[in-house]
Structures are given as C-alpha cells and as structure tokens.
Undergrad: 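Structure provided below as structure tokens; questions to follow.
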Amino acid sequence: MSEDNNNYILELKNVDKSFPGVHALDDITFKVKRGTVHGIIGENGAGKSTLMKILIGIHGADSGTVIFDGKDVKFENPAQALHAGIAMVHQELMPIRELTVAQSIFIGKEPCRKGTGCIRDKEIVQKTQELFDELRISIPPKVKVGSLSVASTQLVEIAKAISYNAKLIIMDEPSSALTENEVAKLYEMIHMLKNRGVTILYISHKMDEIFQITDQITVLRDGRFVDTLDTAGTNMKTVISMMVGREIKEMFPKINTNIGDIVLKACGLTRHGVFEDVSFSVRRGEILGLAGLVGAGRSEIMRALFGLDKLDAGEIYINGRKVNIKSPRDAIRHGLMFLTEDRKFDGLFLPHSVRSNMVIANIDAYKAPFKLNVRKMKKDCSDMIDLLSIKTPSQEQIINNLSGGNQQKVLISKWLLMDPKVLILDEPTRGIDVGAKAEIHRYMSKLAAEGKAVIMISSELPEILGMSDRIMVMHEGRKTGEVDRAAASQENVMQLAFGITK
C-alpha cells in the first residue's frame with residue numbers, strides 16, 4: 001500500500017451524478033484522512049446525501065472513481081459497502097418497529113445453531129448488552145424498537161453501525177434528535193472510535209458541533225466541491241460564506257410586531273401519562289416558542305391540540321369561542337395548521353409531485369364544475385415556489401427527489417395555501433442548512449407581522465431565543481414557566497427545562 005493510501009481511507013475523483021432535471025454532483029474530488037472526523041457540509045441540495053448514497057451503494061455514479069482503503073470500489077448495494085467496511089447512520093430513521101433492540105442490532109448477522117438454522121436469541125441479547133455497556137447506552141436489549149423515542153432509536157442505529165466493526169462510519173445528522181447529555185455520549189463514542197482508527201464522515205447543519213467534533217471540513221455547494229479545510233485553521237463565518245456563496249448576516253430576522261388579541265387559548269390540557277394540566281395562549285402577531293428537553297411533551301401537546309391524539313381533559317378556545325377538536329379535520333376547519341416534526345412519516349406523500357403535495361390539504365379550493373382548476377393550482381404553487389425559494393426543476397418533480405430543506409418548504413407551502421389563523425411549527429428547521437433556516441425564519445417573522453399566530457417547537461435554544469416573542473417551557477409533561485423575550489436567556493430557559501422553577 002502506498003504512503004498516500006496509508007494516509008487516506010477515502011478518495012473521490014471526478015464523481016458525477018445526474019437525475020432527471022437535476023445535476024446532483026458535478027466533478028466531485030477530495031480525500032478523507034484515516035482515523036479522523038471529517039465534516040461534510042453544505043446547504044440542502046448541495047449534494048451531500050447523493051454523495052453518501054453513492055458511497056454505500058444506493059446510487060451508482062455516472063462517472064468518476066471512488067477509492068476506499070486503497071481499492072477502486074463500485075458498490076451495487078449497501079450490503080457490499082458494509083462487507084467492505086462502510087456503515088451509515090441515516091438521518092431519516094426507518095427501523096423495523098416489531099423487532100427487539102437486540103434483533104435490530106444483529107439483523108443480517110444473527111448467530112445460528114448448527115444444523116438447525118435457529119437464531120441463538122440469548123447470545124444476541126448478551127452481545128447487545130455488552131456493546132451497550134461499552135458505549136454506556138442504557139436501553140434494554142429486549143424492548144421493541146417501535147416503543148423507543150426518536151433519540152433512543154438514533155442511539156440504537158449508531159450502536160448498530162459500530163457493531164459492524166466498520167473502517168468508515170457515515171453519520172448523517174446524528175445529533176438532531178438528541179438531548180445535551182445524549183450528544184455528549186455521542187461525542188464520547190466518536191472519540192472512542194477515532195482512537196481505534198475508525199474514520200467518521202460527519203454530516204451536520206449545526207455549525208457549533210462541526211467545529212467542536214471535526215478535524216477537517218469539506219464544503220459542497222450546488223453539487224460542486226468548494227474546498228477542504230483544517231477545522232482548527234478556519235472559522236464559522238468563512239465556512240458559512242463558502243456554503244451559501246454569500247454572507248448570512250442575520251440568522252434570526254425577528255420583526256417587532258403589534259401583538260393583538262388572543263387567538264388560541266388552551267386550558268388544562270391533559271393526556272394521562274404524557275402531559276398534565278397544561279394551559280397557554282397565543283396572540284395575533286405573536287411567535288410563541290415552546291422549549292424543553294426531548295421527551296418533555298412538547299410535540300405531544302400540539303398533536304393533541306390538532307386532533308391527532310385524544311385529550312383526556314382540557315378546553316380549547318379560538319377567538320374566545322370554545323371549540324371541540326376531535327380530529328385534524330376539525331382543527332383545520334377552525335384555522336389550525338400543524339407542520340409535523342417527521343415530514344417523511346406523516347407530512348409528505350413521497351411518491352407524488354411537488355404540486356400534489358402542496359395542494360392536497362386544500363383540494364376543495366380547486367374544485368370546478370366536473371373538473372379541477374389546474375390553472376389555479378399551477379399559479380398558487382408557482383407563487384409558493386418563488387416565495388419560499390424552493391429549488392425544484394418543476395412542479396411535477398417527485399418530492400422524494402428534493403433535498404430535505406426543500407421538502408420542508410413544500411410542507412410549509414401546503415399549510416400556507418390554506419391561510420391559517422394559527423400555524424404550529426414542530427422543529428421547522430431541523431436538518432436544514434443555514435441559508436434555508438434564515439429564509440424560513442424570515443418568513444415566520446413575516447407571517448407574524450401579517451397577524452398570524454405562530455407556535456414554534458424547537459430543540460435549538462438559539463432559535464427559541466432568536467425568534468420567540470414569548471417562551472413556554474416544558475419539563476416531563478408539565479409546564480414549568482413562561483419567559484418574555486426581553487427577559488429570556490439560555491440560563492433561565494434551561495433551568496425551567498430541567499424543572500428548576502425557583
């Protein structure tokens with residue numbers, strides 16, 4: 001093996017990939033050093049996901065060369081990549097929910113009894129427990145994956161990748177659903193792997209963690225390679241400028257609005273075992289931030305408010321009138337719209353077009369005698385594409401082919417076309433690049449200025465502090481307090497998030 005191959009675990013040469021209407025990767029060339037944490041960053045649509053899918057055999061490159069561990073490789077499927085030593089922890093978790101944690105960890109590599117083919121269940125439970133002990137993960141190996149939180153599922157997927165003894169592990173937004181303690185645990189895992197000589201390709205939109213965890217950073221923009229930088233020798237402003245081709249001057253463009261009367265008031269909302277006796281209100285022109293640690297019950301309250309889950313107790317008032325919300329249809333009729341946390345699971349129709357996803361919730365507005373008003377559909381969708389700067393070749397593009405950030409903008413467009421009174425946004429910028437975040441923040445502020453009432457759930461404290469007029473904080477299913485924008489700080493919000501009320 002040459003000295004160059006000893007130094008570098010991965011080399012990409014002139015890698016190119018196109019899809020119908022999209023040149024996803026354009027002549028990508030860079031190297032990754034062995035035993036390092038190498039950040040891959042770029043706006044949504046920069047080509048990060050496509051590149052990773054080529055590395056693990058989901059897509060094939062149209063041209064170019066991938067050299068892994070000193071050999072030219074061209075994987076036809078993820079199993080071949082795993083066998084060669086490349087594992088990936090995906091951003092969009094899609095585990096088999098009926099499997100136990102131990103079965104999920106060992107799927108495809110189960111130890112079997114000789115001559116019978118029967119899986120040695122006790123052995124996989126024991127080996128899973130040994131792995132979790134080493135990684136300091138406190139999840140019982142026998143529980144069903146479907147019963148786990150998003151954060152716990154993420155930890156299981158990371159442990160699974162580690163269990164393959166991979167030489168290169170790709171981590172795509174691994175901390176997006178983790179608490180601070182779980183992020184610290186993730187970093188410990190990464191340092192442990194690095195000390196063993198394992199290389200990590202780390203994809204994240206969180207610039208602070210990119211600078212905290214990586215040794216080098218590769219920047220992609222519009223499907224092209226921009227540069228590879230030593231993390232210690234650069235700064236956040238430089239990297240962001242490279243990512244977006246412009247300087248992001250204001251991440252949280254909050255407009256001071258005239259806050260009006262109460263639009264929505266909730267009294268004593270309760271779902272036993274999930275949240276108890278939660279009361280709050282939101283006014284016209286106000287952005288109410290909903291803060292708390294993962295598992296605090298924030299999303300669960302909004303799901304029940306929107307009629308997705310059943311309330312055991314509580315009352316809801318819209319414009320001072322008590323309303324009965326038993327289903328999302330009821331909520332929509334009363335002017336409530338809900339941007340779900342998991343856009344792919346219960347937000348979008350992935351095999352369908354951008355236009356279909358935009359208009360589906362408001363299809364009655366396009367009914368004409370004996371047909372649909374397609375001209376009006378096209379115009380409304382075109383207006384939304386321009387308004388939110390959605391990158392798509394056409395309205396007919398299948399939405400699953402868009403980047404995560406552009407999918408999120410389509411989902412926002414779907415609800416905006418219905419002209420809501422109250423817009424509930426659950427993690428509206430999760431997994432979205434800094435440029436798209438600024439655009440969504442700017443539009444949130446514009447909606448409030450137009451008199452809409454906005455409820456924003458976010459696990460990112462800078463976003464909560466930067467965009468909220470008022471912050472409601474949750475801890476273990478209970479409201480622990482409210483803080484006005486002028487008095488809010490990281491310290492007092494986090495104290496309330498940990499249940500410290502004095």
Side-chain angles (χ1 to χ4, degrees), residues 78 87-110 119 121-164 169-190 192-193 203-204 271-275 292-304 308-310 340-347 404 426-427 430-431 457-460 474-477 497-498:
M88 181 169 180
V89 180
H90 295 268
Q91 178 186 359
E92 306 290 350
L93 301 174
M94 298 185 70
I96 303 173
R97 298 173 63 83
E98 292 305 311
L99 294 182
T100 67
V101 168
Q103 289 167 342
S104 180
I105 292 285
F106 280 90
I107 189 169
K109 56 181 190 294
E110 302 92 340
I119 296 170
D121 290 313
K122 288 184 179 179
E123 185 175 339
I124 68 171
V125 169
Q126 180 183 343
K127 287 185 175 181
T128 300
Q129 189 60 62
E130 290 171 358
L131 176 64
F132 283 7
D133 288 344
E134 181 185 0
L135 300 175
R136 291 194 279 180
I137 295 174
S138 56
I139 299 172
K142 292 183 179 181
V143 303
K144 292 278 185 75
V145 173
S147 70
L148 300 179
S149 67
V150 174
S152 294
T153 306
Q154 181 75 282
L155 292 177
V156 169
E157 291 298 307
I158 292 169
K160 185 194 296 186
I162 292 171
S163 76
Y164 284 99
I169 298 178
I170 301 167
M171 295 187 178
D172 189 0
E173 299 285 351
S175 69
S176 62
L178 303 185
T179 65
E180 286 191 19
N181 288 337
E182 288 163 340
V183 169
K185 190 180 297 180
L186 170 66
Y187 290 173
E188 286 179 16
M189 291 182 195
I190 290 172
M192 177 195 71
L193 290 167
I203 303 170
S204 178
R271 181 171 169 83
H272 295 313
V274 183
F275 52 87
L293 304 177
V294 172
R298 301 165 301 165
S299 298
E300 289 78 2
I301 291 169
M302 293 303 131
R303 284 179 58 86
L308 287 164
D309 297 327
K310 182 179 178 295
T340 177
E341 176 184 16
D342 191 338
R343 58 179 173 262
K344 289 200 172 181
F345 181 72
D346 52 12
D426 194 353
E427 303 287 1
R430 173 175 287 170
I457 304 170
S458 177
S459 298
E460 295 187 27
M474 297 285 299
H475 172 72
E476 294 183 351
F498 279 106

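This one's a predicted model, so the numbers in the text were calculated from it and none came from an experiment.
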Undergrad: So which heavy atom on V183 is nearest to which on S175, and how close?
TA: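 Of all heavy-atom pairs spanning V183 and S175, the closest is CG2-CB, 3.9 Å.
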Undergrad: Kindly compute the distance separating CG (L155) from CZ (F132), expressed to the nearest 0.5 Å.
TA: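 Taking CG in L155 and CZ in F132, the distance rounds to 8.5 Å.
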Undergrad: Would Q103 and V145 count as a side chain to side chain contact (heavy atoms under 4.5 Å, CB included) if you check the C-alpha gap in whole Å, the side-chain angles of each, and the deciding distance to 0.1 Å?
TA: CA-CA 9 Å; Q103 289 167 342; V145 173; over 6 Å; no
Undergrad: Roughly how far apart are L135 CG and K185 NZ, rounded to 0.5 Å?
TA: 9.5 Å
Undergrad: Measure the shortest side-chain to side-chain distance between I124 and I105 over non-hydrogen atoms and say whether it is less than 4.5 angstrom.
TA: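 Contact flag for I124/I105 side chains = no.
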Undergrad: I need the minimum non-hydrogen distance between Y164 and I107, along with the two atoms involved.
TA: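 It is OH-O, 3.6 Å.
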Undergrad: What is the distance from atom CD1 of I137 to atom CG of L131, rounded to the nearest 0.5 Å?
TA: 6.5 Å
Undergrad: How many angstroms lie between CE in M171 and CG in L186, if you round to the nearest 0.5 Å?
TA: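 Rounded to the nearest 0.5 Å, the CE-CG separation comes out at 6.0 Å.
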Undergrad: Rounded to the nearest 0.5 Å, what's the gap from CD1 on I158 to OG1 on T153? Could you check?
TA: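 The CD1 atom of I158 sits 11.0 Å away from the OG1 atom of T153.
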Undergrad: Which atom pair, heavy atoms only, marks the closest approach of G292 to A497?
TA: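 Taking G292 first and A497 second, the nearest heavy atoms are CA-CB, 4.1 Å.
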Undergrad: So does E300 pair up with R271, basic N to acidic O under 4.0 Å?
TA: no
Undergrad: With the threshold set at 4.0 Å, does a side-chain nitrogen-carboxylate oxygen contact exist between E157 and K160?
TA: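 Salt bridge present between E157 and K160.
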Undergrad: Using atom types as modelled and distance alone, determine if a side-chain donor or acceptor of R298 lies under 3.5 Å from a backbone N or O of D426.
TA: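 Here the side-chain-to-backbone pair does not exist.
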Undergrad: Taking side chain as C-beta onward, heavy atoms only, is V101 less than 4.5 Å from L148?
TA: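 Of all side-chain heavy-atom pairs linking L148 with V101, at least one is under 4.5 Å.
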Undergrad: Do V125 and Q129 come close enough that some side-chain heavy atom pair is under 4.5 Å?
TA: no
Undergrad: Nearest 0.5 angstrom please: D309 CG to I301 CD1, how far?
TA: 11.5 Å
